[in-house]
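Since the structure comes first, as structure tokens, the remarks are kept for the end.
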Amino acid sequence: MKMISDEQVRQVLTMSESAAAVREAFVAAAQQRAISLQRTRINLDHLTLSAMGGIVPNAGACGAKVYSTNAGQFDFVVVLFDADDGHFLGTVQGNALTEFRTAATTRVVVEHQMPLDARTLTVFGTGIQAKAHIATLLELGVFRRVFIVSRGSDSTLMTALRAAHRDVEFLAGSADEAVPQADVIVTCTRSTTPLFDGNLLKPNALVAAIGSSKPQSREIDDTTLQRAARIIVEHKEQARKEAGDLLLAAPSIVDWNHVEELGVMLAGAAGHPPGITVYKSVGVGLVDVALSALVYRKVVGASQ
């Protein structure tokens with residue numbers, strides 16, 4: 001039995017290779033060479049237990065991520081099996097992995113869908129996911145200005161970012177200030193109500209709403225969805241159960257016949273139509289398995 005820790009995950013995994021693995025997994029799913037196990041949740045008293053997973057033959061593994069939620073705090077573990085003969089490979093602690101997988105998936109969308117002249121990024125939130133998203137999106141080398149919108153100031157984060165990225169301007173601002181200037185907007189909060197007025201968006205902005213996988217929570221408003229030329233989700237059936245940003249919209253705002261799946265988009269022709277693009281993430285198990293398999297190969301390979 002092999003148990004891989006969060007520390008080991010951070011030691012061996014990079015955002016760029018995570019994005020490559022994510023892209024490959026979604027394309028494989030679109031071509032019916034991989035499949036996701038949708039999330040299941042059960043609740044009792046103060047605890048929630050959730051499970052999700054997938055079979056990803058090109059990554060050499062199948063498995064499931066299981067996690068507990070208590071008072072808004074999560075603890076994750078991924079159980080891996082060999083994709084050929086099904087034998088048990090090991091377990092991967094999933095807290096660091098979840099940071100990588102969510103930000104890496106957003107990165108894949110941004111690389112494919114951001115405006116050609118994108119220079120300004122706006123991020124809502126200052127937590128773990130916000131930091132991971134800023135780090136991976138700055139690796140793309142296109143953003144020269146980053147607005148951070150949060151309820152409270154985080155001078156330590158701003159100081160650290162300015163020291164690490166001297167060629168990028170970091171600004172704290174309100175939604176009214178930051179949204180109209182943004183080419184790409186990422187919402188990384190636990191808000192249950194919209195964070196900004198969709199009328200403020202640039203005509204070709206990309207909005208990535210990644211903060212919630214709950215049907216009763218939303219970070220973007222009806223105006224944003226109404227203005228969107230394209231709405232992208234990871235897995236349409238799962239999104240129809242969990243994506244509060246879409247489910248809480250007024251009737252007829254979201255036409256599910258025109259909502260696109262990420263893998264299908266990536267497997268299709270390059271480019272995208274003009275207009276606002278909305279990417280709504282809820283997280284899918286397929287990606288957890290693909291990244292866990294990558295980590296497993298790197299850790300086990302290094303020890304041999």
Side-chain angles (χ1 to χ4, degrees), residues 1-29 33-41 47-70 72-108 127-136 139 188 210 213 234-235 238 281-304:
M1 175 180 175
K2 183 71 177 178
M3 173 66 185
I4 298 172
S5 68
D6 282 329
E7 182 180 357
Q8 289 173 294
V9 171
R10 291 191 173 95
Q11 288 173 348
V12 303
L13 206 54
T14 69
M15 280 297 186
S16 59
E17 65 184 346
S18 297
V22 165
R23 177 185 291 273
E24 187 176 354
F26 275 110
V27 170
R33 296 184 290 108
I35 189 169
S36 265
L37 173 67
Q38 292 185 53
R39 182 177 4 241
T40 299
R41 290 187 175 102
L47 276 177
T48 300
L49 180 67
S50 306
M52 57 202 293
I55 302 173
V56 194
N58 63 295
C62 66
K65 180 167 80 171
V66 183
Y67 61 100
S68 64
T69 310
N70 177 30
Q73 300 300 309
F74 303 88
D75 207 1
F76 304 90
V77 66
V78 179
V79 184
L80 280 182
F81 303 89
D82 186 90
D84 291 327
D85 61 16
H87 77 270
F88 173 67
L89 295 174
T91 56
V92 181
Q93 197 172 6
N95 301 300
L97 191 84
T98 299
E99 297 169 29
F100 276 93
R101 75 86 137 114
T102 306
T105 307
T106 302
R107 173 173 170 157
V108 169
I128 291 172
Q129 283 297 342
K131 293 172 184 175
H133 277 75
I134 292 170
T136 192
E139 285 186 359
C188 308
I210 66 93
S213 62
E234 299 129 312
H235 188 285
Q238 187 169 329
S281 169
V282 295
V284 290
L286 179 87
V287 178
D288 295 293
V289 173
L291 288 186
S292 295
L294 175 60
V295 169
Y296 179 85
R297 292 195 303 271
K298 295 188 76 170
V299 171
V300 172
S303 65
Q304 291 178 344

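None of the values given here were measured: they were computed from a predicted structure.
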Test item: side-chain donor near acceptor, Ser213 and Arg41, under 3.5 Å: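 Looking only at side-chain atoms, Arg41 and Ser213 do form a donor-acceptor pair, the distance falling under 3.5 Å.
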Donor-acceptor side-chain pairing of Thr106 and His133 below 3.5 angstrom: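 Yes.
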[X] and [Y]: which non-hydrogen atoms are nearest, and at how many Å?
X: Ala293; Y: Ala59; answer: CB-O, 3.5 Å
X: Glu234; Y: Gly283; answer: OE2-N, 3.0 Å
X: Phe81; Y: Phe88; answer: CD2-CA, 3.7 Å
X: Ile210; Y: Ser281; answer: CG2-CB, 3.9 Å
X: Lys2; Y: Val300; answer: CG-CG2, 4.4 Å
X: Ser292; Y: Val78; answer: OG-CG1, 3.3 Å

Kindly indicate whether the side chain of [X], heavy atoms from C-beta on, has any atom under 4.5 Å from the side chain of [Y].
X: Gln8; Y: Val295; value: no
X: Thr91; Y: Ile4; value: no
X: Val92; Y: Val77; value: no

Ser68: side chain to side chain donor-acceptor pair (under 3.5 Å) partners, not counting sequence neighbours: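 With sequence neighbours excluded, Ser68 shows a side chain to side chain donor-acceptor pair (under 3.5 Å) to no residue whatsoever.
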Does any N or O in the side chain of [X] come within less than 3.5 Å of the main-chain N or O of [Y], such that one atom is a donor and the other an acceptor?
X: Gln129; Y: Cys188; result: no
X: Arg39; Y: Val282; result: yes
X: Thr14; Y: Glu17; result: yes
X: Asp82; Y: Asp85; result: yes
X: Ser36; Y: Leu286; result: yes
X: Arg101; Y: Ala290; result: no

Decide yes or no on side chain to side chain contact (heavy atoms under 4.5 Å, CB included) for Met52 and Val66, but give the supporting numbers first. CA-CA 7 Å; Met52 57 202 293; Val66 183; over 6 Å; no
Drop me the distance from [X]'s [atom1] to [Y]'s [atom2], to the nearest 0.5 angstrom.
X: Ile35; Y: Leu37; atom1: CD1; atom2: CG; result: 8.5 Å
X: His235; Y: Phe26; atom1: NE2; atom2: CZ; result: 9.5 Å
X: Leu294; Y: Leu97; atom1: CG; atom2: CG; result: 9.5 Å
X: Tyr296; Y: Leu80; atom1: OH; atom2: CG; result: 8.0 Å
X: Met15; Y: Glu99; atom1: CE; atom2: CD; result: 7.5 Å

For Asp6, enumerate each residue passing the side-chain contact (heavy atoms from CB on, under 4.5 Å) test, keeping only those at least two apart in sequence or located in another chain.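 Scan of Asp6 (side-chain contact (heavy atoms from CB on, under 4.5 Å), adjacent residues dropped) gives Arg10, Gln93, Asn95, Ala96.
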Considering only residues two or more places apart or on different chains, which pairs with a residue in residues 47-66 satisfy side chain to side chain donor-acceptor pair (under 3.5 Å)?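 For residues 47-66, and leaving out neighbouring residues, the side chain to side chain donor-acceptor pair (under 3.5 Å) pairs sorted by first residue read Glu24-Asn58, Asn43-Thr48, Lys65-Thr98, Lys65-Asp288.
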